[in-house]
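Here is the structure we will look at.
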There are 2 protein chains.
Amino acid sequence: MKRGQLLGSLEQIILLALVRLDGTAHGMIVRREIEERTGRNISIGAVYATLERLEKKGYIRSFTGEPTPQRGGRAKRLFRIEGAGKRALQISEQTILSMTAGLKDHWGTI
Amino acid sequence: MKRGQLLGSLEQIILLALVRLDGTAHGMIVRREIEERTGRNISIGAVYATLERLEKKGYIRSFTGEPTPQRGGRAKRLFRIEGAGKRALQISEQTILSMTAGLKDHWGTI
DNA sequence: CATTTCTTATACAATATAGAACAAATGGAC
DNA sequence: GTCCATTTGTTCTATATTGTATAAGAAATG
């Protein structure tokens, strides 16, 4: 039962966060970024689980960063988006665009 | 373990199809519309399962149409998007927009 | 060694998916 | 007219994938 044509909605959001964060992203920061931008409060577990899956699919890659010199500042696991991840984002965007094109006339009042 | 902040990606696509089809949408047509616009081939079972879920959530409503006078033209179950469905679409769109705003500088080359 | 920052593990709910079974309509064969 | 094969359309069943929260674990330092 193959899948994988489109990203899940959280996958998409997290990938977009990684793009903006330019390789400085670790779990906590990704979570904060999403919350600040969208108001959506995701649990930290949800973030890591999704990052894990994205890495397994080859959309992102993770590596270990240096610990920062502060109370509890342990080494971070940093995430970076890969080419495949960017392409997946583009496909998702294109799909929604195709479905949306010229829809104004049908929308009506809400 | 509540959920329901955002639409799933297929839910979103199907809602968009319903907007365009303006109350003339039944399962087979929704499927065809999506395939023609996006090239994505979804099984008919997937379409109906999603429509079912969307109706349960109050995003769409279904009713029975007249049979058309043609070979096998049995009565159709028609689907129409409701106000709540349109609002859900807007929230999804807004969320992606927030995550996307000003991202060009970070995108780089693929 | 208690506290802080960060990650992993665990468990379960919600979505996505395919394929097969089922249902209703009708054009012909007879 | 009445079967019935064919067509159009829907529902059922079963499973994979994603989304989610909470708790447990691990490393750093004052």
Side-chain angles (χ1 to χ4, degrees), chain A residues 1-15 17 24-35 38 40-57 59-60 62-79 88 92 95, chain B residues 1-15 17 24-35 38 40-57 59-60 62-79 88 92 95:
Chain A
M1 196 185 293
K2 196 184 59 176
R3 213 241 152 187
Q5 312 204 50
L6 271 200
L7 295 168
S9 56
L10 181 58
E11 289 180 326
Q12 186 180 9
I13 289 171
I14 287 187
L15 282 180
T24 65
H26 62 285
M28 315 287 280
I29 294 292
V30 167
R31 176 179 193 239
R32 179 147 57 89
E33 171 78 10
I34 292 171
E35 182 166 16
T38 71
R40 207 181 162 193
N41 190 295
I42 301 165
S43 79
I44 187 62
V47 171
Y48 276 106
T50 303
L51 286 168
E52 206 64 57
R53 284 173 195 146
L54 288 170
E55 184 167 32
K56 191 171 306 176
K57 292 200 268 187
Y59 290 163
I60 69 178
S62 75
F63 50 99
T64 304
E66 293 298 308
T68 47
Q70 65 172 290
R71 189 84 147 119
R74 62 173 290 197
K76 298 170 184 56
R77 184 178 170 197
L78 300 173
F79 297 87
S92 285
T95 296
Chain B
M1 196 183 292
K2 196 184 58 174
R3 212 241 152 186
Q5 313 203 48
L6 271 202
L7 296 168
S9 56
L10 182 57
E11 290 179 326
Q12 185 180 9
I13 289 171
I14 286 186
L15 282 179
T24 65
H26 62 284
M28 315 286 280
I29 295 292
V30 168
R31 177 180 193 242
R32 179 147 57 88
E33 172 78 9
I34 293 172
E35 183 166 13
T38 71
R40 207 182 160 191
N41 190 293
I42 301 166
S43 79
I44 188 63
V47 171
Y48 277 106
T50 304
L51 286 167
E52 207 65 57
R53 241 181 299 123
L54 288 170
E55 184 166 33
K56 191 171 302 172
K57 290 198 271 187
Y59 291 163
I60 68 179
S62 74
F63 50 100
T64 304
E66 294 297 310
T68 48
Q70 64 170 291
R71 190 89 145 112
R74 62 174 292 195
K76 297 168 184 58
R77 183 177 171 199
L78 299 174
F79 296 87
S92 283
T95 298

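Heavy atoms only: backbone and side chains are in, while hydrogens, waters and symmetry mates are out. Not measured: the values here are computed from a predicted model. Proteins come first, then strands; the chains are lettered A, B, ... in the order of their sequence lines, and each starts at number 1.
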Interatomic distance where [atom1] belongs to [X] and [atom2] belongs to [N] [whole Å]:
| X | N | atom1 | atom2 | result |
| --- | --- | --- | --- | --- |
| B:Q12 | D:dG19 | CD | P | 13 Å |
| A:L6 | C:dT17 | CG | C1' | 13 Å |
| B:K56 | C:dA14 | NZ | P | 10 Å |
| B:M28 | D:dT7 | CE | C1' | 9 Å |
| B:K76 | D:dT7 | NZ | P | 16 Å |
| B:L10 | D:dT17 | CG | C1' | 13 Å |
| A:E66 | D:dA28 | CD | C1' | 13 Å |
| B:R53 | C:dA13 | CZ | C1' | 12 Å |

N/O (side chain, [X]) to phosphate O (OP1/OP2, [N]) under 4.0 Å:
| X | N | answer |
| --- | --- | --- |
| B:R31 | C:dT17 | no |
| B:K57 | C:dT15 | yes |
| A:R40 | D:dT20 | yes |

**Asked** Mind checking what makes salt bridge (charged side-chain N to carboxylate O under 4.0 Å, His left out) contact with A:R53, not counting sequence neighbours?
**Response**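 By the salt bridge (charged side-chain N to carboxylate O under 4.0 Å, His left out) rule, A:R53 matches no residue at all.
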
**Item:** side chain to side chain donor-acceptor pair (under 3.5 Å) partners for A:R77, two or more places apart
**Value:**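 With sequence neighbours excluded, A:R77 shows a side chain to side chain donor-acceptor pair (under 3.5 Å) to A:E52, A:E55, A:S62, given in chain and number order.
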
**Asked** Listed by chain and number, what are the side chain to side chain donor-acceptor pair (under 3.5 Å) partners of B:T24, not counting sequence neighbours?
**Response**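 Expected list: none.
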
**Message:** Regarding B:G45, tell me which of base, sugar-phosphate or nothing describes its non-hydrogen contacts under 4.0 Å with the strands shown.
**Reply:**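 Base contact.
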
**Request:** Indicate, with a heavy-atom threshold strictly under 4.0 Å, whether B:I44 touches base, sugar-phosphate, or nothing.
**Result:**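 Result for B:I44 = base.
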
**Message:** So, using side chain to side chain contact (heavy atoms under 4.5 Å, CB included) as the criterion, who are the partners of A:A75 when residues are at least two apart?
**Reply:**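 For A:A75, the residues satisfying side chain to side chain contact (heavy atoms under 4.5 Å, CB included) (neighbours in sequence not counted) are A:T64, A:P67.
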
**Message:** Taking side chain to side chain contact (heavy atoms under 4.5 Å, CB included) as the definition, give me every residue that meets it alongside A:R32, ordered by chain and number, with sequence neighbours left out.
**Reply:**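 Listed in chain order: A:I29, A:E36.
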
**Message:** I'd like to compare against my own output: the B/S/- annotation of nucleotides 22-30 of chain C with a strict under-4.0 Å heavy-atom distance to protein.
**Reply:** -BSBBS---

**Message:** Between B:K57 and B:E11, does any NZ, NE, NH1 or NH2 come within less than 4.0 Å of an OD or OE carboxylate oxygen?
**Reply:**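 Yes, this pair counts.
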
